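Residues: numbered from 1 along the sequence shown. Since the structure is predicted, the reported quantities are computational estimates derived from the model, not experimental observations.
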Amino acid sequence: MKSFSRMFLKVQMPWNVIIPADSLDAKGLMLKKAIVIRLMDEFACKKATKDRGYFMAVTTLESIGEGRVRQNTGDVLFPVVFSGITFKMYRGEILQGVVHKILKHGVFLRCGPVQNIYLSHIKMPDYHYVPGENGIFMNDKHSKIDKDVIVRFIVIGTKWMEAEREFQALVSLEGDYLGPVS
């Protein structure tokens, strides 16, 4: 794994691609295309893993191994290796997210593919909840945290939810230059 911005990782991954027997071309000319299309479909459906984060893109097909015919179906399994980009948050990382839900005790944000990022009111120093039809958080300098506002935060921790195949994160505004940016 190689990191070019800590949240985006360039990874090289092995994968098994199964090509149905009826998709095989006698001359093999369409085989690589069929493998790439199937890999892209499977990659998109996988969503995320605990170790690598969210799958964002396949960048390069590095190698295609020798196909093995499956006994019962006649389908062919090809071991492949590819490079791709994944997204994963790390503790201590400073990121930006968009507020999508405001509650009395904190706000929920989105950042990239991560939909459940929680910022507790306890982790927003100097901000207090202002109730109303559309409640907001505000500080004494009239800086507002409202729905659709971009907020810069620091990641305190992440949690992998296996059943949903997604991450949740707990974040804070405790630090320099953290808070609303729009």
Side-chain angles (χ1 to χ4, degrees), residues 1-17 38-59 82-182:
M1 252 185 302
K2 187 176 174 184
S3 173
F4 48 86
S5 169
R6 200 160 170 205
M7 67 187 157
F8 289 106
L9 303 171
K10 182 174 181 176
V11 296
Q12 195 170 58
M13 294 177 53
W15 204 275
N16 288 324
V17 176
R38 190 70 154 198
L39 173 63
M40 300 288 268
D41 288 345
E42 290 176 15
F43 185 79
C45 292
K46 183 80 171 178
K47 190 173 177 180
T49 65
K50 183 179 181 179
D51 296 332
R52 298 182 188 251
Y54 290 89
F55 298 130
M56 304 301 289
V58 172
T59 55
F82 67 93
S83 294
I85 306 292
T86 63
F87 177 96
K88 187 174 180 186
M89 294 180 161
Y90 289 93
R91 182 185 173 139
E93 194 167 34
I94 295 175
L95 300 170
Q96 292 182 359
V98 178
V99 175
H100 70 91
K101 189 173 189 179
I102 299 176
L103 305 171
K104 182 178 179 180
H105 297 289
V107 300
F108 282 94
L109 303 112
R110 293 184 179 114
C111 176
V114 185
Q115 300 293 308
N116 292 309
I117 301 169
Y118 184 65
L119 172 58
S120 170
H121 73 284
I122 296 168
K123 294 296 182 180
M124 291 188 252
D126 304 326
Y127 283 86
H128 57 277
Y129 182 71
V130 178
E133 188 177 323
N134 297 313
I136 62 169
F137 281 87
M138 187 180 287
N139 69 10
D140 295 337
K141 298 176 187 168
H142 300 289
S143 177
K144 288 194 279 186
I145 297 177
D146 199 355
K147 193 171 181 197
D148 297 324
V149 168
I150 298 171
V151 176
R152 185 176 299 122
F153 55 82
I154 187 165
V155 178
I156 297 172
T158 62
K159 181 178 179 181
W160 170 246
M161 307 299 289
E162 184 64 43
E164 294 86 5
R165 301 203 60 75
E166 66 184 24
F167 287 90
Q168 293 180 339
L170 185 61
V171 300
S172 172
L173 298 185
E174 295 172 326
D176 294 333
Y177 306 108
L178 301 179
V181 294
S182 65

For this session: Side-chain contact test, heavy atoms from C-beta onward, threshold under 4.5 Å: evaluate it for Thr49 versus Arg165 and give yes or no.
Result: yes
Exercise. Do the side chains of Ile117 and Met89 get nearer than 4.5 Å, heavy atoms only?
Worked result: yes
For this session: Check whether any side-chain heavy atom of Ile102 sits under 4.5 Å from a side-chain heavy atom of Asp146, and report yes or no.
Result: yes
Exercise. Crowded around Lys47 NZ? As in, over 12 foreign heavy atoms under 6.0 Å?
Worked result: yes
Exercise. Would you say the side-chain atoms of Lys88 pair up with the backbone N or O of Lys50, donor to acceptor, closer than 3.5 Å?
Worked result: yes
For this session: Considering non-hydrogen atoms only, spot the tightest contact between Leu173 and Met124 and give its length.
Result: CD1-CG, 3.7 Å
For this session: Test Val155 against every option in Ile94, Leu95, Val114 by the side chain to side chain contact (heavy atoms under 4.5 Å, CB included) rule and name the one that passes.
Result: Leu95
Exercise. For the residue pair Thr59 and Gly84, what are the closest heavy atoms and their distance?
Worked result: OG1-N, 3.7 Å
Problem set entry | Nearest-0.5 Å distance, NZ of residue Lys10 to OG1 of residue Thr86 | 12.0 Å
For this session: Search all heavy atoms of Pro180 against all heavy atoms of Ile145 and return the closest pair with its distance.
Result: CG-CG1, 3.7 Å
For this session: Please tell me if the side chains of Ile156 and Val171 come closer than 4.5 Å, counting only heavy atoms from C-beta onward.
Result: no
Exercise. When rounded to the nearest 0.5 angstrom, what distance separates CZ in Phe108 from NZ in Lys147?
Worked result: 13.5 Å
Problem set entry | Heavy-atom pair of closest approach, residues Arg110 and Gln115 | NE-OE1, 2.6 Å
For this session: Determine whether Asp140 and His128 make a side-chain contact, defined as any pair of heavy atoms from C-beta on separated by less than 4.5 Å.
Result: yes
Problem set entry | Gap separating the CG atom of Asn116 from the CD atom of Glu166, nearest 0.5 angstrom | 5.5 Å
Seminar exercise, completed: Taken to the nearest 0.5 Å, the spacing of Phe43 CZ from Phe82 CZ works out to 5.0 Å
Exercise. Taking the side chain from Arg152 and the backbone from Val181, do they hold a donor-acceptor pair closer than 3.5 Å?
Worked result: no
Exercise. Going by heavy atoms in the side chains, are His121 and Tyr129 under 4.5 Å from each other?
Worked result: no
Exercise. Just wondering, do Pro113 and Phe55 contact through their side chains at under 4.5 Å, heavy atoms?
Worked result: no
Exercise. Do Leu119 and Phe153 touch side chain to side chain, with heavy atoms closer than 4.5 Å?
Worked result: no
Problem set entry | Residues Lys123 and Glu174 bridged, charged N to O under 4.0 Å | yes
Exercise. Can you tell me if CG on Asn16 sees more than 12 non-hydrogen neighbours from other groups inside 6.0 Å?
Worked result: yes
Exercise. So how far is it from Leu103 CG to Phe137 CZ, rounded to the nearest 0.5 Å?
Worked result: 8.0 Å
Exercise. Of the options Trp160, Tyr90, Tyr118, Phe87, which is the one that meets Phe167 in a ring pair (Phe, Tyr, Trp, His ring centres under 6.0 Å)?
Worked result: Trp160
Seminar exercise, completed: Value for CD (Glu93) from CD1 (Ile154), rounded to nearest 0.5 Å, stands at 9.5 Å
